[in-house]
**Q** 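Can you keep this structure in mind? I'll have questions shortly.
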Amino acid sequence: MAASRHVFLMCPPEYFNVAYIINPWMHGNLKRIDNAVAKQQWRALYDAITDRATVRLVASQPGSPDMVFTANAGLVKGRQFVCSRFRYPERQYEEPYFADWFMDRGYDVSLMPRDCPFEGAGDALFDRGQDLLWMAHGHRSIEGAREVLAGRLDVDIALLHLVDSRFYHLDTCFCPLDGGYLLYYPLAFDDASRREIERRVPAARRMAVGEEDALAFACNAVGIGQTVVVNRATPEFVHTLGAKGFEVVQSPLTEFMKAGGSAKCLTLRLDE
Ligand code: ARG
């Protein structure tokens, strides 16, 4: 048994909806969410995670339909919380709720400068094999966020550039797993970023996924030890991960895919 359980923050989908369009997945899905199905899918994910880890909840807020995607709350490292500065005004209403949640629990909370969009653990992920933070820019967070983070967190930061608008957050196409493994969709990145990934992660630890898995958000995975929770995956994906010692748990999240999110987006790891 692992010595301590991982801890994740989630937000119930009380007010979840597609109420505006800020990414390509949301097109054609305006007000098309079946909230009863969304609640059922969210609950199944919650159950799959609570079987293996501890989940804390932040209260959902009317007027913030995307708040369910807690990965975007900010970036946690130890007792430090860097609150996100959302690119689009539609999601900026979430910022004070997340800041308060962490403040109330004694975290050292800091904000990003006003002119510096940064969308938290949607665009910044810790490697699980080395002391390294992967940060992406291109759609939501800006390149300048790296310098701000470097000044606040004591960690080496590798910068990646996202180039496919369907993969607008790093966690939609890139997922560090225990033991220094990495799941990723190479075509979401520019050449220089792909080289940077290949330079930092040995070939035997890199698991490149194909387009079908990428589009089902198989890289948007919640890693809990050797378990990987995803929306949906091909048998090939399950096999590749199985060969490296990982068990894949599939928990359908079709209603959340309509908003451009899935398993990992719906969680924020607190024990970083
Ligand atoms: N509709 C949300 C947005 O576009 C989805 C966020 C998904 N979160 C994530 N970490 N990828 O902001």
Side-chain angles (χ1 to χ4, degrees), residues 8-33 35 38 41-42 45 49 58 60-61 63-76 82-95 97-98 112 117-126 133-142 145 160 162 164-176 183-185 188-189 209 214-223 229-231 253-270 272:
F8 294 90
L9 178 67
M10 292 180 72
C11 174
E14 217 48 47
Y15 304 102
F16 170 62
N17 208 337
V18 174
Y20 43 77
I21 294 169
I22 57 170
N23 72 53
W25 300 84
M26 299 171 103
H27 282 287
N29 288 322
L30 215 52
K31 301 274 173 348
R32 286 262 173 87
I33 300 296
N35 197 263
Q41 292 182 337
W42 184 90
L45 176 69
I49 296 176
V58 53
S60 48
Q61 299 295 333
S64 284
D66 273 333
M67 198 174 162
V68 68
F69 298 113
T70 52
N72 298 123
L75 182 64
V76 180
V82 181
C83 194
S84 286
R85 178 76 76 183
F86 285 93
R87 170 164 301 246
Y88 298 113
E90 289 88 340
R91 292 201 68 183
Q92 288 167 2
Y93 298 105
E94 299 173 35
E95 294 167 11
Y97 297 112
F98 286 128
M112 292 303 279
F118 168 67
E119 300 201 352
D123 274 334
L125 299 167
F126 288 100
L133 179 69
W134 297 94
M135 193 210 120
H137 68 102
H139 304 297
R140 297 297 184 84
S141 303
I142 63 165
L160 301 174
L162 295 169
D164 180 332
S165 63
R166 297 170 302 176
F167 303 101
Y168 59 93
H169 276 140
L170 181 61
D171 68 0
T172 62
C173 53
F174 186 97
C175 180
L183 259 177
Y184 75 122
Y185 179 55
F189 300 91
V209 313
L215 289 174
F217 270 19
C219 294
N220 195 246
V222 185
V229 186
V230 292
N231 164 54
L253 294 161
T254 51
E255 292 309 297
F256 298 95
M257 293 288 294
K258 294 178 184 172
S262 116
K264 157 67 173 62
C265 307
L266 293 166
T267 68
L268 176 66
R269 180 134 152 213
L270 296 179
E272 295 281 17

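FYI, the numbering just counts along the sequence from 1. One-based numbering, in listed order, for ligands and for the atoms of each.
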**Q** Under 3.5 Å, is there a donor on one side chain and an acceptor on the other for Q41 and T254?
**A**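 The criterion, which ignores hydrogens and geometry beyond distance, is satisfied for T254 and Q41.
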**Q** For the residue pair F174 and L160, what are the closest heavy atoms and their distance?
**A**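 Scanning both residues, the minimum pair turns out to be CE1-CD1, 3.8 Å.
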**Q** Can you list, by chain and residue number, every protein residue with a non-hydrogen atom closer than 4.0 Å to ligand 1?
**A**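 Near ligand 1, by chain and number: I22, N23, M26, D66, F69, A71, N72, R91, G122, R140, Y168, H169, D171, T172, A259, G260, C265.
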**Q** Please enumerate all residues that pass side-chain hydrogen bond (donor to acceptor under 3.5 Å, both in side chains) together with Y168, with sequence neighbours excluded.
**A**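 Here the qualifying residues are N23.
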**Q** If you round to the nearest 0.5 Å, how far is CD of E95 from SG of C83?
**A**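 That separation rounds to 6.0 Å.
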**Q** Quick one: CE on M26 to CZ on R32, what's the gap to the nearest 0.5 Å?
**A**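 Result: 14.0 Å between the selected atoms.
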**Q** How are the rings of F217 and F167 set to each other: parallel, tilted or perpendicular (split at 30° and 60°)?
**A**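 Geometry flag for F167 against F217: tilted rings.
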